[in-house]
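Side-chain atoms are counted along with the backbone in the values below, which use heavy atoms only and exclude waters and symmetry mates.
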Amino acid sequence: MFTLKEKVTERLSRLFADSPDSSSSSSLPPSLDHHHPEAGPDSKGGKSMSSYFSYVIPSVGFGESRSGKHQRSLSVSNVDFESQDESLHRYVECRSPGENKETKNNRESDYDHVSGGSTSGSEVFEEATDQHSPQKHLSYLMDDSVFISSDLQEFLLSSLPNIVKGCQWVLLYSTLKHGISLRTLIRKSSDLSGPCLLIVGDRQGAVFGGLLEGPLKPTAKRKYQGTNQTFVFTTIYGEPRLFRPTGANRYYYMCLNDMLALGGGGNYALCLDGDLLSGTSGPCETFGNLCLAHNSEFELKNVELWGFTHASRYLP
């Protein structure tokens, strides 16, 4: 490579030496022109021509290879930078800071709106659930109840006959589960024998009922059944209140296909019609009770019938 460079330099030297036109040398750079006044006295032809060779033909040899690669690399880099700058410019134009901030605010506003709506819906659902869902599970109860609270259960446990104390409470019938039908209630009472507890409520929030003997057996004529263990109760007088038989008569309860009644003598202490939608209550001689509901005639909210058994003996 060095030999080629010398040859080219020598030929160029001869060419300029033989040329009569001084304008050729004047076209060279001052540092390479022998005749230029700025050329130093120590300048040599070989050195000047080498410099001129590098100046005129910078792409020869290894220098050419490196310079070409560098230039191509630089060109590609410049193209990449220009593409990135152009893309960035378009990105900035499409999403300005003001627009991003506004979009973010709109999204936060939408999220707050949706969250607020969900919270309101949750509150409404919780309120409706509290009003209509059964009471939380209590001890001895194998099923949930719409009416039985812990205070009422404690009161009833102290009032039940000794034969059923310590037994599990089984929900034999509920209008929420089995529909509104006295015939269904009578049929479901046969699932367990022994005392069974009738619990009902009116639309004003009173909870009342009485103790019966299961299974219930409807009669063709009005005929009273039961024993002196029968009682009635109510919650409308500030706290649960129990009324036991006074001994004035033995009108404990009456079961027909279209009516179920407890007590007698003056009024029924509690009487339910065949569709379990309405009932009546009033003072009676059998239990010496007051009206069990808020009004003597009322609409039923729900009806439940509970039986008692040891858990190991009951298979629903």
Side-chain angles (χ1 to χ4, degrees), residues 122-180 185 188-189 191-192 194-214 229-244 253 260 262-263 269-272 276-281 287 289-296 298-311 314 316:
S122 300
E123 291 176 352
V124 172
F125 176 77
E126 290 176 357
E127 183 179 355
T129 302
D130 292 340
Q131 292 178 357
H132 296 95
S133 63
Q135 298 286 341
K136 293 182 179 179
H137 187 73
L138 303 173
S139 60
Y140 297 109
L141 267 65
M142 298 180 66
D143 302 278
D144 293 329
S145 172
V146 173
F147 300 122
I148 301 176
S149 63
S150 58
D151 292 339
L152 180 58
Q153 185 190 31
E154 183 179 356
F155 169 77
L156 293 173
L157 283 172
S158 64
S159 306
L160 292 173
N162 292 332
I163 192 174
V164 299
K165 287 185 177 180
C167 291
Q168 299 295 315
W169 296 32
V170 181
L171 184 61
L172 301 177
Y173 171 84
S174 170
T175 52
L176 292 179
K177 292 184 176 180
H178 304 103
I180 48 175
L185 184 150
K188 295 295 293 181
S189 70
D191 290 350
L192 286 174
C196 55
L197 186 64
L198 178 70
I199 304 178
V200 302
D202 62 15
R203 297 290 181 178
Q204 286 72 40
V207 178
F208 46 94
L211 187 68
L212 306 171
E213 186 72 20
Q229 290 185 337
T230 305
F231 62 76
V232 294
F233 72 93
T234 183
T235 62
I236 65 170
Y237 299 106
E239 60 182 9
R241 187 169 178 179
L242 191 76
F243 301 95
R244 292 189 182 276
Y253 68 87
L260 178 62
L262 291 87
L270 174 62
C271 181
L272 308 180
L276 300 181
L277 292 176
S278 60
T280 61
S281 177
F287 302 108
N289 61 282
L290 303 175
C291 182
L292 304 180
H294 283 97
N295 301 302
S296 59
F298 54 85
E299 293 183 0
L300 288 167
K301 177 181 179 181
N302 191 25
V303 177
E304 295 178 352
L305 184 69
W306 292 84
F308 306 93
T309 186
H310 296 286
Y314 179 68

How close do Lys188 and Tyr173 get, counting heavy atoms only, and between which atoms? CB-CB, 4.2 Å

Look at the side chain of Asp202 and the backbone N and O of His294, then say whether any donor-acceptor pair between them is shorter than 3.5 Å. yes

Which heavy atom of Lys165 sits nearest a heavy atom of Ser158, and at what distance? NZ-O, 3.9 Å

I need the Leu262 CG to Leu272 CG distance, nearest 0.5 Å. 8.0 Å

Set of residues satisfying ring pair (Phe, Tyr, Trp, His ring centres under 6.0 Å) with respect to Phe231, sequence neighbours excluded: none

Trp306 versus Val164: any side-chain heavy-atom pair under 4.5 Å? no

Does any N or O in the side chain of Tyr237 come within less than 3.5 Å of the main-chain N or O of Leu292, such that one atom is a donor and the other an acceptor? no

Answer yes or no: is there a donor N or O on one side and an acceptor on the other, between the side chain of Ser189 and the main chain of Gly214, under 3.5 Å? no

How far does OH of Tyr140 sit from CG of Leu157, to the nearest 0.5 angstrom? 6.5 Å

For the CG atom of Leu185 and the CG atom of Leu305, what is their distance to the nearest 0.5 Å? 5.0 Å

On the 0 to 90° scale, with breaks at 30° and 60°, tag the Phe298-Phe208 ring pair as parallel, tilted or perpendicular. perpendicular

Heavy-atom closest contact (Phe308 atom, Pro195 atom, distance): CD1-O, 3.2 Å

Leu141 and Gln153: which non-hydrogen atoms are nearest, and at how many Å? CD1-NE2, 2.9 Å

Donor-acceptor check, side chain of Ser281 to backbone of Ala269, threshold 3.5 angstrom: yes or no? yes

Gln229 and Leu211: which non-hydrogen atoms are nearest, and at how many Å? O-CD2, 3.4 Å

Not counting sequence neighbours, which residues clear side chain to side chain contact (heavy atoms under 4.5 Å, CB included) with Glu299? List them please. Arg203

